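In what follows, a single structure is set out as structure tokens and then discussed.
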Amino acid sequence: EVHVRGFTMNDNSIPAAYRGTYRGAGMKAAYLKSLGVTAVEFLPVQETQNDTNDVLPESTADDNYWGYSTLNYFSPDRRYAADRSAGGPTREFKAMVKALHDQGIKVMIDVVYNHTGEGGSWSSTDNTTYNVLSFRGLDNPTYYTLTSDLQHTWDNTGVGGNYNTHNPIAQNLIVDSLAYWRDTLGIDGFRFDLAVALGNS
């Protein structure tokens with residue numbers, strides 16, 4: 001298990017421009033093979049809304065490191081790409097996977113489908129104000145599990161509002177995302193964050 005940014009960020013064997021990136025991780029494939037590594041599992045790499053945290057003065061360093069607040073289930077996080085041009089993160093991610101596969105190393109990723117970066121109500125004194133960044137604006141009751149009065153997100157995990165895995169439309173989005181990462185980006189397997197929450201009914 002390894003974090004893409006942390007894996008090479010302080011590695012002097014990687015050119016400075018590629019440290020902490022997919023490209024830098026791909027450059028370590030032969031080294032991993034020499035250690036006898038046969039599989040890597042990257043901590044979450046799906047796009048998050050963490051650029052904002054990088055510039056907020058009240059934000060702490062751990063706000064934006066782990067990537068467990070997914071906003072786009074179909075995009076490699078651009079923060080881990082040396083090439084941030086349109087399509088660059090995807091091309092670079094695929095090249096990293098190929099480099100690892102060329103050394104006989106399987107690639108798995110940690111995926112977060114139990115909640116999203118929109119979260120729940122973030123204030124203990126105001127449970128009526130929510131972020132609207134994607135799914136909530138499209139169809140709140142389809143994509144989030146709500147309380148019986150349909151007024152608030154339901155959260156039994158403590159991470160800010162359960163994704164509605166009971167709804168077939170929300171289920172299809174997860175399955176389509178998994179197929180994309182497997183078929184298009186070359187991922188060999190997945191580790192599901194809070195997997196038990198995906199079975200909520």
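Residue numbers start at 1 and run along the sequence shown. Note that the structure is a prediction, hence the values are computed from the model and not measured.
- Residues in residues 104-123 take part in these salt bridge (Lys or Arg N to Asp or Glu O under 4.0 Å) pairs, two or more places apart or across chains: D110-R191.
- N164 meets the side-chain hydrogen bond (donor to acceptor under 3.5 Å, both in side chains) test with no other residue; sequence neighbours excluded.
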Which donor-acceptor pairs under 3.5 Å do side chains of residues 170-178 form with protein atoms, sequence neighbours excluded?
{"unit_1": "Q171", "atom_1": "NE2", "unit_2": "T165", "atom_2": "O", "d": "2.8"}
{"unit_1": "Q171", "atom_1": "NE2", "unit_2": "H166", "atom_2": "O", "d": "3.3"}
{"unit_1": "N172", "atom_1": "ND2", "unit_2": "P168", "atom_2": "O", "d": "3.3"}
{"unit_1": "S177", "atom_1": "OG", "unit_2": "Y73", "atom_2": "O", "d": "2.7"}
{"unit_1": "S177", "atom_1": "OG", "unit_2": "Y113", "atom_2": "OH", "d": "2.7"}

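- Checked by atom type and distance alone, the side chain of E92 pairs as donor or acceptor with a backbone atom of D83 at under 3.5 Å.
- T184 is linked by a side-chain hydrogen bond (donor to acceptor under 3.5 Å, both in side chains) to nothing, counting only residues two or more places apart in sequence or in another chain.
- In this pair, F135 and Y143 present their aromatic rings tilted. The plane angle is within the 30 to 60° band.
- The hydrophobic cluster around V196 extends to none of the other residues, as no ILVMFWY side-chain heavy atom falls under 4.5 Å of it.
- When every heavy atom of L185 is checked against every heavy atom of P76, the shortest pair comes out as CD1-CG, 4.1 Å.
- By the ring pair (Phe, Tyr, Trp, His ring centres under 6.0 Å) test, F74 is found to be paired with Y180, residues two or more places apart in sequence or in another chain being considered.
- Nearest heavy atom pair, residue M108 against residue I187, reads CA-CG2, 4.3 Å.
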Return all side-chain donor-acceptor pairs below 3.5 angstrom for residues 96-105, not counting sequence neighbours, or 'none' if the list is empty.
{"unit_1": "K98", "atom_1": "NZ", "unit_2": "D102", "atom_2": "OD1", "d": "3.4"}
{"unit_1": "K98", "atom_1": "NZ", "unit_2": "D102", "atom_2": "OD2", "d": "2.8"}
{"unit_1": "H101", "atom_1": "NE2", "unit_2": "D188", "atom_2": "OD2", "d": "2.6"}

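- What you find for N114 and A197 is that their closest heavy atoms are CB-CB, 4.0 Å.
- Annotation: the span from N140 atom CG to Q151 atom CD amounts to 10.0 Å, rounded to 0.5 Å.
- When all heavy atoms are compared, the tightest approach of L43 to H3 is CD1-CB, 3.9 Å.
- Checked by atom type, the side-chain pair Y80/R5 shows no donor-acceptor distance below 3.5 Å.
- Considering every non-hydrogen atom in both G20 and T8, the closest pair reads N-OG1, 2.7 Å.
- Hydrophobic clustering (ILVMFWY, side-chain heavy atoms < 4.5 Å, transitive): F93 and V2 are in one cluster.
- For the pair Y22 and V45, the tightest heavy-atom approach, listed with the atom from each and the gap, is OH-O, 3.7 Å.
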Let's go through Y18 and R23 carefully: what are the C-alpha distance in whole Å and the side-chain angles of both, what is the deciding distance for side-chain contact (heavy atoms from CB on, under 4.5 Å) to 0.1 Å, and is it a yes or a no?
CA-CA 6 Å; Y18 304 137; R23 184 160 180 186; 2.9 Å; yes
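- Other residues sharing a hydrophobic cluster with L194 under the 4.5 Å side-chain heavy-atom criterion for ILVMFWY residues are V159.
- Scanning for side-chain hydrogen bond (donor to acceptor under 3.5 Å, both in side chains) contacts around T116 gives Y144, with sequence neighbours left out.
- Counting only distance, with no hydrogens or angles, the side chain of R136 and the backbone of G119 share a donor-acceptor pair below 3.5 Å.
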Let's go through N10 and R19 carefully: what are the C-alpha distance in whole Å and the side-chain angles of both, what is the deciding distance for side-chain contact (heavy atoms from CB on, under 4.5 Å) to 0.1 Å, and is it a yes or a no?
CA-CA 7 Å; N10 296 314; R19 292 179 195 159; over 6 Å; no
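- Taking CG of N131 as the reference point, atom CG of L133 lies at 5.0 Å (rounded to 0.5 Å).
- Residue pairs meeting the salt bridge (Lys or Arg N to Asp or Glu O under 4.0 Å) criterion with at least one partner in residues 137-160, sequence neighbours excluded, do not occur; the list is empty.
- The cluster map of Ile, Leu, Val, Met, Phe, Trp and Tyr, joined by side-chain heavy atoms under 4.5 Å apart, puts I109 and F192 in the same cluster.
- For N162, the side-chain hydrogen bond (donor to acceptor under 3.5 Å, both in side chains) criterion is met by N156, not counting sequence neighbours.
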Using residues 26-42 as the side-chain source, report each donor-acceptor pair under 3.5 Å to any protein atom, sequence neighbours left out, with the distance given to one decimal.
{"unit_1": "K28", "atom_1": "NZ", "unit_2": "D11", "atom_2": "OD2", "d": "2.8"}
{"unit_1": "K28", "atom_1": "NZ", "unit_2": "S13", "atom_2": "OG", "d": "3.3"}
{"unit_1": "S34", "atom_1": "OG", "unit_2": "Y31", "atom_2": "O", "d": "2.6"}

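- Taking CG from D77 and OG1 from T48, the interatomic distance works out to 4.0 Å, rounded to the nearest 0.5 Å.
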